[in-house]
*Asks:* 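So that we are looking at the same thing, I have put the structure below in structure tokens.
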Amino acid sequence: MSLTLSVSKTLPKLASKKLLKKAPADNETQSHCLAVLVDDKANLIGNFKGLEAYQQRIEDLIAVSDFSGKLGETVADFALSADAKKAPLQLFLVGVGKPEKINSTSIQKIATALYKNTHKRVTNLAVAIGDDLSDESLQQLALELLNASYRFDKYKAETSEPKLSEVTLVSASVSQETVDYVAAVHSGQSLARDVANEPGNICFPAYMADQAKELAKAYPDLLKVTVLGESEMEELGMNCFLSVSRGSVREGQLVILEYQGQNQAITNSGSNSFTGTLANNIKAVADKLPKKAAKAKKVDVDAESVEENFDAPIVLVGKGVTFDSGGISIKPGAAMDEMKFDMGGSASVLGTIKALCEARLPINVVGALACAENMPSGEATRPGDIVKAMNGMNVEILNTDAEGRLVLADTLCYVQRYNPRAIIDVATLTGACVIALGHVRSAVFSNDEDVLFELENASDQSGDLIWHMPLDDQYQSQLDSPIADIQNIGGRAAGAVTAACFLSRFIEEDQAWAHLDIAGTAWNSGKEKGATGRPVPLFMQYLKNMSQQ
């Protein structure tokens, strides 16, 4: 059962039966609950007209339960003392702590408390918010409520369906447009989590390609998908990519998704910029010339140049190593099962494309899923091998477990033929990033201040947090090889930085680019092991902002 989110400016009609000793049969009745947010001084967050009918019950519940209002604290009265004629519904209080300290982390805790304490016992939940929260916090709360309902239990023989089916946000500040956008983001984020949670024997490169094709069938007016196999990549000279995939019996796949939202906004017929790009791609294969088309010379801004820039896509590139054993530089056995999440970057790009299709944002976006399986075998790359990348650079592979940067390197070369406004790659790239930032913020590296500013702004708005990391030229020397143009690792020092430096070598001059390392944020370990779907909310907020410029 999927959770439905709606918005109302006034309290909806609510009703509930009192909790009885003998529970009613499943689905026999609807049960409603009113959730109220309370700060650490017993003040209501979102006190508005209509709530006064429940004021006495709220005050009594706070008093008898010694409710302090600290973040995440909860208490419910189960409508045990309610007057069935006046206020016959369950009342549920959630603490928000100090109002001035409400941020994305506290919003997530509030949403989790709301869902986990109600989803098994009520069918309809109204959350009284009012106008006290910022627009960003309201949007984050709505998304976190939907995300709290996410389930991946397809491989469990016994499951239980939640009762909660509808949540109503009671606030004059939340528009239906916001709710629709949040639902689109949730849809894409859930897809990202679904594919990343699949085991490696189910989710391999061809599976990711199939998922992309299914999306294209669902949104034929917005999306086109092209899949390059290993033979096509070999013709293009993508030997870094192939050095990773050759160790597996599963063929590597480069999946290109072209979302044409801006073209749809302009016209429903005729040619578009992607048609020309595909023609160039075919010619590049035939000629074996791994170069992108020359950029137009800069001229004074006029209507034609503005339209040309308007058509240029933003490219999202996702690392899609569907299982990473480390190859010949094999990983230790502990927690190796979690290496199925090493395709979290491509999962987030796939999820973002679906969210774009649902939201129908007026912007052109290309998604590239660099999908391979990194396995040891007689065909696998050996430490010390040298391969030539698509841009002609010779790469000495010192560690086959530093494979993500290799599939990304050739993919970054490939997508620059689109002459994009910006390229953003996303990857579970380095353990060093986890050591540096933990599991709260994703790392961002960029060669362009405008792209960096827009990503940081989208991070603040969405609550999908990032942190700017350095990309100084002085780090580049750690990648010097005595026998090749570059080596694929730079030693233990600044491992996340040198990985980004490696990728920067495959970005042409003046091409705006950013790299997101999500090694610490793409999944959770332990008892709650599972994919997070990050950074789909960040990408969607970024693309939404860019579509409005």
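This chain uses plain numbering: 1 for the first residue, then up along the sequence.
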*Asks:* Under 3.5 Å, is there a donor on one side chain and an acceptor on the other for Glu144 and Tyr115?
*Replies:* no
*Asks:* Do you see a donor-acceptor pair shorter than 3.5 Å between the side chains of Gln189 and Asn147?
*Replies:* yes
*Asks:* Closest approach of Ala409 and Leu503, non-hydrogen atoms and distance?
*Replies:* N-CD2, 4.3 Å
*Asks:* Quick one about Gln549 and Asn545 (side-chain donor to acceptor, distance below 3.5 Å, no hydrogens or angles considered), yes or no?
*Replies:* no
*Asks:* Do Glu198 and Thr322 get their side chains close enough for a donor-acceptor pair, meaning under 3.5 Å?
*Replies:* no
*Asks:* Taking all non-hydrogen atoms of both residues into account, name the closest pair between Thr123 and Leu164 and its distance.
*Replies:* O-CD1, 3.5 Å
*Asks:* For residues Thr428 and Asp324, determine if any side-chain heavy atom of one lies less than 4.5 Å from a side-chain heavy atom of the other.
*Replies:* no
*Asks:* Quick one: do Ile107 and Glu136 satisfy side-chain contact (heavy atoms from CB on, under 4.5 Å)? Show the steps, please.
*Replies:* CA-CA 10 Å; Ile107 288 292; Glu136 288 82 6; over 6 Å; no
*Asks:* Just checking, Arg505 and Phe502: is the charged tip under 6.0 Å from the six-membered ring centre and within 45° of the axis?
*Replies:* no
*Asks:* Taking atom types as modelled, is there a side-chain donor on Asp425 or Trp513 under 3.5 Å from an acceptor on the other?
*Replies:* yes
*Asks:* Heavy atoms only: give me the nearest Leu471-Val497 pair and the separation to one decimal.
*Replies:* CD1-O, 4.4 Å
*Asks:* Is there a side-chain contact between Leu34 and Leu51 (heavy atoms, below 4.5 Å)?
*Replies:* yes
*Asks:* Between Pro537 and Val185, which heavy-atom pair has the shortest distance, and what is it?
*Replies:* CA-CG1, 4.0 Å
*Asks:* Going by atom types only, do Gln176 and Asp180 share a side-chain donor-acceptor pair under 3.5 Å?
*Replies:* yes
*Asks:* So, for Leu114 and Leu125, which heavy atoms are closest and what is the spacing to 0.1 Å?
*Replies:* O-CD2, 4.3 Å
*Asks:* Does any N or O in the side chain of Ser459 come within less than 3.5 Å of the main-chain N or O of Leu455, such that one atom is a donor and the other an acceptor?
*Replies:* no
*Asks:* Short question: side chain of Asn364, backbone of Gln262 - any donor-acceptor pair under 3.5 Å?
*Replies:* yes
*Asks:* Establish, from distance only, whether the side-chain atoms of Asp194 and Gln211 form a donor-acceptor pair under 3.5 Å.
*Replies:* no
